[in-house]
Each structure stands twice: as C-alpha cells, then as structure tokens.
K.L.:
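Have a look at the structure that comes next, please.
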Amino acid sequence: MNPLAVATLQVLLLVVALAAAGVAALRGLRLARRAAREGGGARGWEHPEVQAGLRHAVAPLWWTAAAVVLTALVPRFAGMGAA
C-alpha cells in the first residue's frame, strides 16, 4: 500500500478518535449536570435510568480506543511495519 494512503488512513482514524472522545466528554458533562440537578446522593447511581445514561455516555470511548488501536496497526496491515 502507498505510504501516503497509510498516513491518510491514520489521520482519518485519529480524527474519528478525537471526535468520539469529544462526544464522550460532552455526554459525560451533560450526565454530571443532570445528576447534580436531580440530586439523589450515592444511591441515585443505582437507578436503571442513570445506569443507562452512563452506558450511553461511555460508549464513544470504545470507538476512541478502537480507532487508536487501528491507527497503530494500519502500517502492519499495509505491509510496512515490522514482522
């Protein structure tokens, strides 16, 4: 594979990682504001709706991790990395 294509693919994957991290941060901030507004103390986090909100806020972090790992592996898949 062309080195320019590999570098372009790596940049695109890093953009996906940054975007997903930004979405996760925004969802986390929105969840924190909601939790502060509603209160409920320590037991409030046990509510099923709140747990679903946490899963929703953390989901983009999985996309971030996958994009970073793929960015590191692209040269190897392209046959340019060490064997």
Side-chain angles (χ1 to χ4, degrees):
M1 185 181 255
N2 183 358
L4 181 60
V6 171
T8 303
L9 186 57
Q10 285 181 311
V11 168
L12 290 175
L13 286 169
L14 285 174
V15 168
V16 168
L18 287 173
V23 168
L26 290 175
R27 287 181 177 179
L29 287 173
R30 189 170 41 195
L31 182 64
R33 275 194 222 124
R34 182 176 175 189
R37 193 173 45 237
E38 293 180 8
R43 306 237 356 129
W45 294 105
E46 296 175 4
H47 193 273
E49 183 179 329
V50 174
Q51 289 178 351
L54 284 172
R55 283 191 300 275
H56 181 73
V58 172
L61 292 177
W62 290 107
W63 288 100
T64 302
V68 168
V69 168
L70 287 175
T71 300
L73 293 177
V74 164
R76 177 168 279 199
F77 291 146
M80 297 173 57

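Residue indices begin at 1 and follow the sequence shown. Keep in mind that what you see is a predicted model, and the values were worked out from it rather than measured.
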K.L.:
Once side chain to side chain contact (heavy atoms under 4.5 Å, CB included) is applied, do any residues pair with A21, and if so which ones, sequence neighbours excluded?
P.N.:
T64

K.L.:
To the nearest 0.5 Å, what is the distance between CZ on R27 and CZ on R55?
P.N.:
13.0 Å

K.L.:
Mind checking side chain to side chain contact (heavy atoms under 4.5 Å, CB included) for L18 and listing every partner two or more places apart, or none if nothing turns up?
P.N.:
none

K.L.:
Sequence neighbours left out, cut at 3.5 Å: what donor-acceptor pairs do the side chains of residues 1-17 make with other protein atoms?
P.N.:
from : atom 1 : to  : atom 2 : distance (Å)
N2   : OD1    : L4  : N      : 3.2
T8   : OG1    : L4  : O      : 2.8
Q10  : NE2    : T71 : O      : 3.0

K.L.:
Identify the two heavy atoms, one from P60 and one from A20, that lie closest to each other, and give their separation to 0.1 Å.
P.N.:
CB-O, 3.3 Å

